[in-house]
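Here the structure comes first, spelled out in structure tokens, and everything after it is commentary.
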Amino acid sequence: MTVPDAGKRQGAGLAFAYVTTLFFAWGFATSLIDPLIAAVKRVFDLNNAEAFLTTFAWFIAYGLMSLPAASVLSKLGYSRSIIGALIVMVAGCLIVPAATAADWYPGVLIALFVIASGVTLLQVAANPLVAELGNPKGASSRLNLSQAFNSLGTTVGPWLGSHVLLTGGVFAAGAVVTAATRTQSLRSIDMAFLGMGAFFALIAVFIFTARKKINAAAPESHNAVSPLKALSSPWAVFGALAIFLYVGSEVAIGGMLTNFLESPDILNAPIETAGKMVALYWGGAMVGRFIGSAVLTKVRPGIVLACCTVAAAVLCLTVSQIGGPTAAYAVLSIGLFNSIMFPTIFTLTLERSTAPTSATSGLLVFGIIGGALLPQVAAHIADAAGKLQPAFIVPMLGYVGLTIFAIGCIRTKARTEVTSTASH
């Protein structure tokens, strides 16, 4: 029995490595929205709320597509669902050049929705897959490690995206918005998305060649399960609300950062420099996830989550009340505390939900719709106030809600702990 068990563990380890590449891919794609907001705002002459429709188009896909994605996963299995998701993402990237050629901002939003629909299926498949590829006790630590590579993608995305999207054209020093400068900036948007599409295609080929290893190590496929069954579990619903608050808060902050750091009363930095500094926000999340992956093997996940949510809430309150470099450093440091939130919320919920895993995962990913709605609330507050600082009250309240979720998890045992106690 020893040799087969060792082979199974090795197969699970390889499958874990393959699937972790997906976390990098969708992290890169998602964080590209941050510099894109600043780009479309100037190229298409938009206000904050209109520019934030990019995040709305992206994250509304989670709300509309996550529950169907859970059904697709239960029918197609892990590897085929993942490959199909990557193909959809490539198709979305190809829509962008057509939209910019027509100088049609809604076309860019449609492209973002299509790409995000593929990312939604990717998340519904990959998050529970990583959680189940190994010892259940290590699920939070393992998912945090994968999410660390997601954060590597979100760190590279804003830096590279700012270099491509926020230079030349309407962003050149002393440039004015003319037909020529707008065309140059629109071509930069094309370049960013065509490059991203080629990257997704490469990942799809990579996963296709590794599909047998993934299928062999993956948990057994479940029969088709309605994602609505997750609504029968209070913990699945509570977890989805927590994901809603977390993603909405994180995305609202990330979306405001470039223009916030550029502001004269904060850093007064050139827009490309401000855009590249957003990488520090996501880089903090990357560092925090590597650290968190180790800490979570020693400290209960609920306690770690509570500490991070309280710290993030305090920092948001600070940013809303002060200006200058102190506010800049405070807002960038929130990324460090965001780091362990998503994967920890995900696994804490899976451990407590009484609904099937695929249904619970679908409902949790549905909660990512918070990334569409809360940034819009923040953007409208910013437009009404004439500055961005008051809008940080929105993520602050989100982190307060997450603290309540963390306390609930601390006070409630996971199903495995309950079973173990009962057996003794």
[Y] backbone acceptor or donor facing [X] side chain under 3.5 Å:
{"X": "Ser339", "Y": "Gly335", "answer": "no"}
{"X": "Ser162", "Y": "Gly275", "answer": "yes"}
{"X": "Glu250", "Y": "Val247", "answer": "no"}
{"X": "Ser233", "Y": "Thr354", "answer": "yes"}
{"X": "Thr54", "Y": "Ile33", "answer": "no"}
{"X": "Ser263", "Y": "Ile266", "answer": "no"}
{"X": "Arg211", "Y": "Arg80", "answer": "no"}
{"X": "Thr297", "Y": "Ala294", "answer": "yes"}

Under the ring-ring contact (aromatic ring centres under 6.0 Å, His included) test, which residues partner [X], sequence neighbours left out?
{"X": "Phe405", "result": "Trp235, Phe238"}
{"X": "Phe28", "result": "none"}
{"X": "Phe346", "result": "Phe342"}
{"X": "Phe206", "result": "Tyr18"}

Sole candidate of Thr273, Leu280, Asn268, Leu267 that passes side chain to side chain contact (heavy atoms under 4.5 Å, CB included) when paired with Leu261: Leu267

Among Val170, Val177, Thr100, Leu36, which one satisfies side chain to side chain contact (heavy atoms under 4.5 Å, CB included) with Val43? Val170

Rounded to the nearest 0.5 Å, how far apart are [atom1] of [X] and [atom2] of [Y]?
{"X": "Ser249", "Y": "Leu402", "atom1": "OG", "atom2": "CG", "answer": "6.0 Å"}
{"X": "Phe59", "Y": "Thr30", "atom1": "CZ", "atom2": "OG1", "answer": "5.5 Å"}
{"X": "Leu166", "Y": "Asp34", "atom1": "CG", "atom2": "CG", "answer": "10.5 Å"}
{"X": "Thr412", "Y": "Ile407", "atom1": "OG1", "atom2": "CD1", "answer": "11.5 Å"}
{"X": "Ile243", "Y": "Leu364", "atom1": "CD1", "atom2": "CG", "answer": "5.5 Å"}
{"X": "Ile189", "Y": "Leu194", "atom1": "CD1", "atom2": "CG", "answer": "11.5 Å"}

Less than 6.0 angstrom separating the ring centers of Phe392 and Phe260, yes or no? yes

Just to verify, what does [X] make a side-chain hydrogen bond (donor to acceptor under 3.5 Å, both in side chains) with, not counting sequence neighbours?
{"X": "Thr167", "answer": "none"}
{"X": "Thr309", "answer": "Thr403"}
{"X": "Thr21", "answer": "none"}

Using side-chain contact (heavy atoms from CB on, under 4.5 Å) as the criterion, list what pairs up with Ser31, not counting sequence neighbours. Thr154, Pro158, Trp282

Less than 4.5 Å apart, side chain to side chain, heavy atoms only: is that true for [X] and [Y]?
{"X": "Leu315", "Y": "Tyr329", "result": "no"}
{"X": "Phe113", "Y": "Phe56", "result": "no"}
{"X": "Ile334", "Y": "Val331", "result": "yes"}
{"X": "Phe193", "Y": "Leu112", "result": "yes"}
{"X": "Leu122", "Y": "Met89", "result": "yes"}
{"X": "Phe366", "Y": "Leu64", "result": "no"}
{"X": "Leu332", "Y": "Met277", "result": "yes"}
{"X": "Val90", "Y": "Leu86", "result": "no"}

Can you name the nearest heavy-atom pair linking [X] to [Y], along with the distance?
{"X": "Leu32", "Y": "Leu165", "result": "O-CD1, 4.4 Å"}
{"X": "Ala279", "Y": "Trp159", "result": "CB-CB, 4.1 Å"}
{"X": "Ile83", "Y": "Phe208", "result": "CD1-CA, 3.7 Å"}
{"X": "Phe171", "Y": "Ala38", "result": "CZ-O, 3.8 Å"}
{"X": "Leu121", "Y": "Ala69", "result": "CD1-O, 3.6 Å"}
{"X": "Gly292", "Y": "Ile340", "result": "CA-CG2, 3.7 Å"}

Between Leu350 and Thr357, does a side chain to side chain contact (heavy atoms under 4.5 Å, CB included) hold up when you go through it step by step? CA-CA 7 Å; Leu350 288 178; Thr357 297; 4.3 Å; yes

All salt bridge (charged side-chain N to carboxylate O under 4.0 Å, His left out) counterparts of Arg187, not counting sequence neighbours: Asp190

Of all residues at least two apart in sequence or in a different chain, which pass the salt bridge (charged side-chain N to carboxylate O under 4.0 Å, His left out) check with Lys41? none

Do [X] and [Y] pair up side chain to side chain, a donor and an acceptor below 3.5 Å, judged on atom types alone?
{"X": "Thr120", "Y": "Ser117", "value": "no"}
{"X": "Asp45", "Y": "Tyr105", "value": "no"}
{"X": "Tyr62", "Y": "Gln123", "value": "yes"}

Is the shortest distance from a Lys or Arg side-chain nitrogen in Arg42 or Glu262 to a carboxylate oxygen in the other one below 4.0 Å? yes

Can you check side chain to side chain contact (heavy atoms under 4.5 Å, CB included) on Phe200 and Ile87, steps first, answer last? CA-CA 8 Å; Phe200 293 151; Ile87 292 172; over 6 Å; no

Taking distance alone, no hydrogens or angles, what donor-acceptor pairs closer than 3.5 Å link side-chain atoms of residues 367-382 to residues at least two apart or in another chain?
{"unit_1": "Gln376", "atom_1": "NE2", "unit_2": "Ala49", "atom_2": "O", "d": "3.1"}
{"unit_1": "Gln376", "atom_1": "NE2", "unit_2": "Phe52", "atom_2": "O", "d": "3.4"}
{"unit_1": "His380", "atom_1": "ND1", "unit_2": "Gln376", "atom_2": "O", "d": "2.8"}

What do the steps show when you test Val124 against Ser81 for side chain to side chain contact (heavy atoms under 4.5 Å, CB included), and what is the final call? CA-CA 9 Å; Val124 170; Ser81 295; over 6 Å; no

Can you pull the salt bridge (Lys or Arg N to Asp or Glu O under 4.0 Å) pairs that have at least one residue in residues 98-122, sequence neighbours excluded? Asp103-Arg182

Should Thr178 and Thr181 be marked as a side chain to side chain donor-acceptor pair (under 3.5 Å) after you check the CA-CA gap, both sets of side-chain angles, and the distance that decides it? CA-CA 5 Å; Thr178 64; Thr181 57; 3.2 Å; yes

